[in-house]
Amino acid sequence: MLEAFDFVIFGGAGDLALRKLVPAFYRAYRNGELPKGTRIIPTCRNTDVVRDYKNKVREAAQKHLRADEFVDADWQAFEEYIFPIFLDIAKKDEKWDEMGALLNGSGNAQRVFYLSTPPSVFSVCSKHLSETGLITPTSRVVVEKPLGYDSASAEEINSQIAEYFDESCIFRIDHYLGKETVQNLLALRFANGMFEHLWDAKTIDHVQITIAETVGLEGRASFYNDAGAMRDMVQNHILQLLCLVAMESPNRLTADRVRAEKLKVLENLRPLTGNSVKINTVRGQFAAGEINGKPVPAYQEELGSTSSTETYVAIRAHIDNSRWANVPFYLRTGKRMKQRFAEIVIQYKDVAHRVYPEAAGKTVPNRLVIRLQPEENIKIVMTTRNLEKQETELRPVVLNFNFADTYKDFQSDAYKRLMLDAAKNDASLFIHRAEVAAAWGWVDPIIEAWARPENNPHFYRAGGWGPQAADELIQSDGRNWFVVD
Ligand code: BG6
């Protein structure tokens with residue numbers, strides 16, 4: 001049973017807090033998951049914002065929650081849980097003591113400090129929390145991605161936080177791990193012999209992992225232009241999905257065991273350096289185009305300056321262990337693509353001997369297609385005999401398990417799940433320091449090689465499927481990117 005807790009959101013008036021974090025708590029409240037006496041404490045650097053906070057967050061919630069979710073009476077009742085306060089993180093003044101009095105006076109033992117701020121203030125914020133005596137044995141800190149800019153900066157940030165919090169109390173968030181369909185990957189693999197027995201180099205031809213987005217910069221120009229798709233999406237979300245697909249079975253589903261298995265995958269990723277970066281990766285940047293019938297400007301126009309930052313990445317990766325020997329993992333992600341979707345495709349090897357003649361029609365490879373969003377489903381692509389024909393003809397069909405058909409009231413909110421887990425002290429869905437280091441260790445040399453002019457991004461039309469070079473990357477192996485209609 002989750003007991004009442006205090007949840008401080010540093011950067012409480014920021015975009016993430018307003019759009020995702022506070023609305024996620026509202027969902028928890030409506031679902032009966034928010035214990036009475038819980039307090040959500042957003043900190044703001046501006047007294048006017050503190051005064052107006054409840055209106056501001058209500059407005060944001062109305063905009064971002066589904067229309068049927070926002071019920072005025074429920075929101076009003078939920079507002080009782082919100083305690084906005086004024087605090088300048090960088091300044092050690094009496095406001096910290098006021099926050100201390102608020103926390104110490106609540107009687108809630110469980111404390112979570114969510115640093116929804118730039119990493120540059122993680123250290124000073126932890127220091128001030130420590131000096132004010134607010135870090136108790138039942139306190140946790142949640143830190144947002146991106147954790148660093150490369151291995152060295154990530155290490156520095158991790159070391160700074162580690163001065164004040166024990167590793168077991170540091171919750172590094174990757175919201176992809178909070179998506180129910182992502183967690184279901186573990187159930188799919190480890191609770192279904194049918195799949196787990198067919199999950200290796202003997203049976204699988206290759207794996208594709210795609211996160212495609214239609215959005216562009218979304219007002220985050222300066223952050224995004226420094227980061228690019230590699231740091232923003234691949235280093236974390238894509239590699240975490242890869243880990244869940246490729247990891248060995250943990251002997252128990254505890255945070256330590258799951259994270260140890262994920263770490264092995266990251267450590268076994270074949271390094272891409274120098275020339276192999278050119279052969280195995282494609283960077284892209286969107287040019288002007290059209291999405292859903294609306295014209296959209298090129299990246300550099302949206303940014304307002306010239307830039308060689310990538311908004312698209314495709315990679316052919318390999319995991320050097322016996323389970324995955326010679327099985328390519330094709331990874332791709334991009335902004336301003338034709339459709340928003342995230343999907344994992346497991347493509348199986350063909351039958352060893354074909355008994356049907358070519359004339360019987362085209363067979364398709366068996367595929368297990370796991371759609372993570374926006375729809376949530378699992379499809380199996382298989383071949384059947386075409387019953388509409390007298391003569392022998394083969395035809396591909398799709399078995400479709402749609403989560404919404406079975407779980408009628410199913411509502412996925414990754415942040416809700418992860419924040420309640422942090423309040424419960426369950427770190428299974430958070431990233432260990434060693435995973436962050438291993439992921440950067442693989443990504444750094446690729447980014448380094450990209451600095452060479454020969455690796456400048458290829459342009460792709462907004463509203464398309466990425467650069468031609470990404471198609472050529474997979475086609476050179478006799479394969480294609482896959483989209484289930
Ligand atoms: C964030 C990235 O981590 O994930 C964004 O910083 C991206 O650039 C977002 O748009 C995608 O998340 P989701 O859940 O909408 O797929």
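Order of appearance sets the numbers: ligands from 1, and atoms from 1 within every ligand.
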Visitor: If you count the atoms of ligand 1 from 1 in the order shown, which ones are under 4.0 Å from a heavy atom of K335?
Guide: 5 (C), 7 (C), 8 (O), 10 (O)
Visitor: How about F25 and Y81: are their ring centroids closer than 6.0 Å?
Guide: no
Visitor: Students should be able to answer this: which protein heavy-atom is nearest to atom 16 (O) of ligand 1, and at what distance?
Guide: Y176 OH, 2.4 Å
Visitor: Decide whether a cation-pi geometry holds between K179 and Y176; the criteria are a distance under 6.0 Å from NZ or CZ to the six-membered ring centre and an angle within 45° of the ring axis.
Guide: yes
Visitor: Going by ring pair (Phe, Tyr, Trp, His ring centres under 6.0 Å), name the pairs with one or both residues in residues 444-475, residues two or more places apart or in two chains.
Guide: Y312-Y460, F341-W465
Visitor: Checking a contact table here: which protein heavy atom is nearest atom 7 (C) of ligand 1, and how many Å away?
Guide: E213 OE2, 3.3 Å
Visitor: Looking only at protein heavy atoms, identify the closest one to atom 5 (C) of ligand 1 and say how far it is in Å.
Guide: R220 NH2, 3.1 Å
Visitor: Taking 4.0 angstrom as the limit and counting only heavy atoms of R340, give me the atoms of ligand 1 inside it, by number and element.
Guide: 13 (P), 15 (O), 16 (O)
Visitor: Please determine whether any non-hydrogen atom of Y224 lies less than 4.0 Å from an atom of ligand 1.
Guide: no
Visitor: Under 4.0 Å from any heavy atom of K179, which atoms of ligand 1 are there?
Guide: 13 (P), 14 (O), 16 (O)
Visitor: Count the heavy atoms belonging to other residues, nucleotides or ligands that lie under 6.0 Å from CZ of R479, then report whether that count exceeds 12.
Guide: yes
Visitor: Can the positive tip of R39 be found less than 6.0 Å from the middle of the six-membered ring of F83, inside 45° of the ring normal?
Guide: yes
Visitor: State the atoms of ligand 1, each with its element, that fall below the 4.0 Å cut-off from a heavy-atom position in D232.
Guide: 2 (C), 5 (C), 6 (O), 8 (O)
Visitor: Show the atoms of ligand 1 that are less than 4.0 angstrom away from any heavy atom in H237.
Guide: 1 (C), 3 (O), 4 (O)
Visitor: Any N or O on Q373 sitting closer than 3.5 Å to an N or O of ligand 1?
Guide: yes
Visitor: Under the 3.5 angstrom rule, does the side chain of S153 hit a backbone N or O of D150 as a donor-acceptor pair?
Guide: yes
Visitor: Using a strict 4.0 Å cut-off to heavy atoms of K145, name the atoms of ligand 1 that fall inside it.
Guide: 1 (C), 2 (C), 3 (O), 6 (O)
Visitor: Provide, to 0.1 Å, the distance between atom 12 (O) of ligand 1 and the closest protein heavy atom, together with that atom's residue and name.
Guide: H175 NE2, 3.1 Å
